[in-house]
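Below you'll find the structure, written out as structure tokens, and then a few comments.
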2 protein chains.
Amino acid sequence: MGITERKEREREEMRDLILQAARKLFLTQGYEKMSIRGIAEAIEYSPATIYLYYKDKNELFFSLHKDAFQKMMAEFSVVAAVTDPFERLVALGRQYIKFAIENPELYDLMFIMEAPMETLACREEVWEDGQTSFGFLKIVIGDCINAGYFKNTEDIENSSLTIWSFMHGLITIYLKKRMSMFEDNREMERIEESFKLFVEMIKCRF
Amino acid sequence: MGITERKEREREEMRDLILQAARKLFLTQGYEKMSIRGIAEAIEYSPATIYLYYKDKNELFFSLHKDAFQKMMAEFSVVAAVTDPFERLVALGRQYIKFAIENPELYDLMFIMEAPMETLACREEVWEDGQTSFGFLKIVIGDCINAGYFKNTEDIENSSLTIWSFMHGLITIYLKKRMSMFEDNREMERIEESFKLFVEMIKCRF
DNA sequence: GTTTTTAATGAACACTGTTTATTACATTTG
DNA sequence: CAAATGTAATAAACAGTGTTCATTAAAAAC
């Protein structure tokens with residue numbers, strides 16, 4: 001009897017319906033306006049129904065967060081076209097900045113918000129999405145080393161964390177409006193200049 | 001007639017009473033539990049009274065945020081004892097990490113939360129607290145240049161932003177639980193290693 | 001002493017996430 | 001097929017949240 005299969009399929013459809021509504025609300029209204037009641041109204045179900053398919057709002061955030069990582073990784077794939085390993089790393093950095101600036105709320109969800117991480121913590125799982133994208137960075141850096149760059153580098157993981165830290169810091173300073181201490185409105189130029197300086201700095205370690 | 005003076009003084013006292021209660025709640029319960037009703041109960045006034053002294057909760061966050069900057073700057077002052085300019089910069093970095101790890105919620109308030117910045121934005125002011133502490137970093141880097149370090153550096157502001165970006169990124173990756181992608185529990189060692197690597201990188205630019 | 005100004009509040013508004021008892025319907029069993 | 005069981009959906013409530021406003025009480029000015 002395929003009843004259990006159908007039920008399982010229907011359940012998955014419902015989970016998807018909820019997630020789609022949540023995503024739409026998130027992207028159009030922002031995550032602060034993405035309320036359970038709002039999602040319920042959008043799919044024409046009662047708010048309580050959502051809790052039959054998702055444990056809590058954090059789990060919904062976690063699912064959206066996974067989507068966002070897929071989107072980011074898809075945008076990263078274009079750097080494969082860059083042949084020189086070091087230039088590929090630079091291109092990856094630019095893609096990262098581009099993604100963050102074009103999707104500030106997704107970036108927040110992926111790297112700043114605590115909600116999705118709480119779902120992960122209570123399941124005692126490792127952060128797979130982070131691992132995957134960080135793994136991509138490690139590969140790109142590894143290619144640099146294989147091509148003769150970064151000769152003094154003995155720990156790829158540490159190098160990756162260091163590079164990511166800079167990128168993440170620069171972006172969050174901007175996204176969280178901490179560049180408002182500069183009186184001029186040259187935020188974008190400052191990001192560009194700082195990025196270039198950092199690239200020069202890591203070039204220094206050839 | 002000193003009545004207006006007394007009233008002004010009483011008003012300032014009341015603002016302080018509210019702020020102290022807010023700070024206590026913030027530090028003991030965390031910012032998510034720092035509610036207007038909670039503050040009101042602590043000072044034995046009605047919630048509505050708070051709105052006679054503060055425009056909204058964001059303004060309260062902004063005041064706390066200013067306090068936090070004073071506290072951080074006070075902790076920074078110890079680096080003045082370090083004579084070598086470059087070592088002073090390194091010491092400042094360590095103090096920054098120490099402050100962030102010891103006061104994660106203050107750090108959040110100072111550099112991540114949007115609430116205090118919104119108060120600033122609607123007043124169309126520059127972010128003075130940020131300017132002051134960033135100014136301190138610029139001075140420390142300036143001393144390095146005067147002592148012969150960073151010879152290739154033509155833009156102190158850009159160097160400062162770049163260094164701060166790394167520090168801020170590394171810390172927020174940790175504070176916002178994004179190091180949970182590493183299966184081992186070596187978060188502190190990783191921070192230490194990455195910091196050391198970055199110090200080596202900027203040393204490279206002598 | 002009366003009027004005016006000001007400080008404080010209770011109550012309400014419009015929300016939020018989440019839980020639970022109840023209802024309605026689909027599925028299984030006798 | 002009818003009765004019993006299982007399950008999906010919900011209305012309503014709980015316990016909060018920030019904020020506003022008309023009303024009341026007290027202080028200051030006249």
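Order of the sequence lines fixes the chain letters, A, B, ..., with proteins taken first and strands second; residue numbering starts at 1 for each chain. This structure is a prediction, so every number in the text was calculated from the model and none was measured. The basis for the numbers below is simple: all heavy atoms, side chains too, and nothing from hydrogens, waters or symmetry mates.
Not counting sequence neighbours, Asn185(B) has no partner by the side chain to side chain donor-acceptor pair (under 3.5 Å) test. With sequence neighbours excluded, the residues satisfying side-chain contact (heavy atoms from CB on, under 4.5 Å) with Ser159(B) are Leu197(A), Thr153(B).
Protein atom CD of Glu44(B) is 15 Å distant from nucleotide atom C1' of dA8(C), rounded to whole Å. The nearest whole Å value for the distance from the CE atom in Met14(B) to the C1' atom in dT6(C) is 14 Å. For Tyr53(A) and dG17(C), the OH to P distance is 19 Å, given to the nearest whole Å. In this structure, Glu59(A) places its CD atom 15 Å from C1' of dG17(C), rounding to the nearest Å. In this entry the distance linking NZ of Lys33(B) with P of dG16(D) reads 9 Å, nearest Å. Distance CD1 (Ile50(A)) to P (dG17(C)): 9 Å, rounded to an integer number of Å. In this structure, Tyr31(B) atom OH and dG18(D) atom P are separated by 14 Å, rounded to whole Å. Counting to the nearest Å, the P atom of dT7(D) and the CZ atom of Arg11(A) are 12 Å from each other.
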Side-chain polar contacts of residues 70-78 of chain A - donor-acceptor pairs under 3.5 angstrom, sequence neighbours left out - could you list them?
{"unit_1": "Ser77(A)", "atom_1": "OG", "unit_2": "Ala74(A)", "atom_2": "O", "d": "2.6"}

Between side-chain atoms of residues 28-45 of chain A and protein atoms elsewhere (two or more places apart, or another chain), which donor-acceptor pairs fall under 3.5 Å?
{"unit_1": "Thr28(A)", "atom_1": "OG1", "unit_2": "Lys24(A)", "atom_2": "O", "d": "2.8"}
{"unit_1": "Tyr31(A)", "atom_1": "OH", "unit_2": "Asp108(A)", "atom_2": "OD2", "d": "3.2"}
{"unit_1": "Ser35(A)", "atom_1": "OG", "unit_2": "Gly38(A)", "atom_2": "N", "d": "3.0"}

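Using the six-membered ring where Trp is involved, Trp164(A) and His168(A) have ring planes that are tilted, between 30° and 60° apart.
Contact annotation for Tyr54(A): no contact, since no heavy-atom pair falls under 4.0 Å across all strands. Residue Met34(B) is classed as a sugar-phosphate contact, given heavy-atom separations below 4.0 Å to backbone atoms only. Across all strands, Ser35(A) comes closer than 4.0 Å only to sugar-phosphate atoms, never to a base (heavy-atom distances).
Of the candidate nucleotides dT10(D), dA7(C), dA8(D), dA7(C) has the atom nearest to the side chain of Leu52(B).
For residues 169-197 of chain A, the set of pairs meeting the ring-ring contact (aromatic ring centres under 6.0 Å, His included) definition, not counting sequence neighbours, comprises Phe182(A)-Phe134(B).
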For nucleotides 18-21 of chain C, give me every protein contact, N/O to N/O, under 3.5 Å, one pair per line with atom names.
{"unit_1": "dT18(C)", "atom_1": "OP2", "unit_2": "Tyr51(A)", "atom_2": "OH", "d": "2.6"}
{"unit_1": "dT18(C)", "atom_1": "OP2", "unit_2": "Lys57(A)", "atom_2": "N", "d": "3.0"}
{"unit_1": "dT18(C)", "atom_1": "O5'", "unit_2": "Tyr51(A)", "atom_2": "OH", "d": "3.2"}

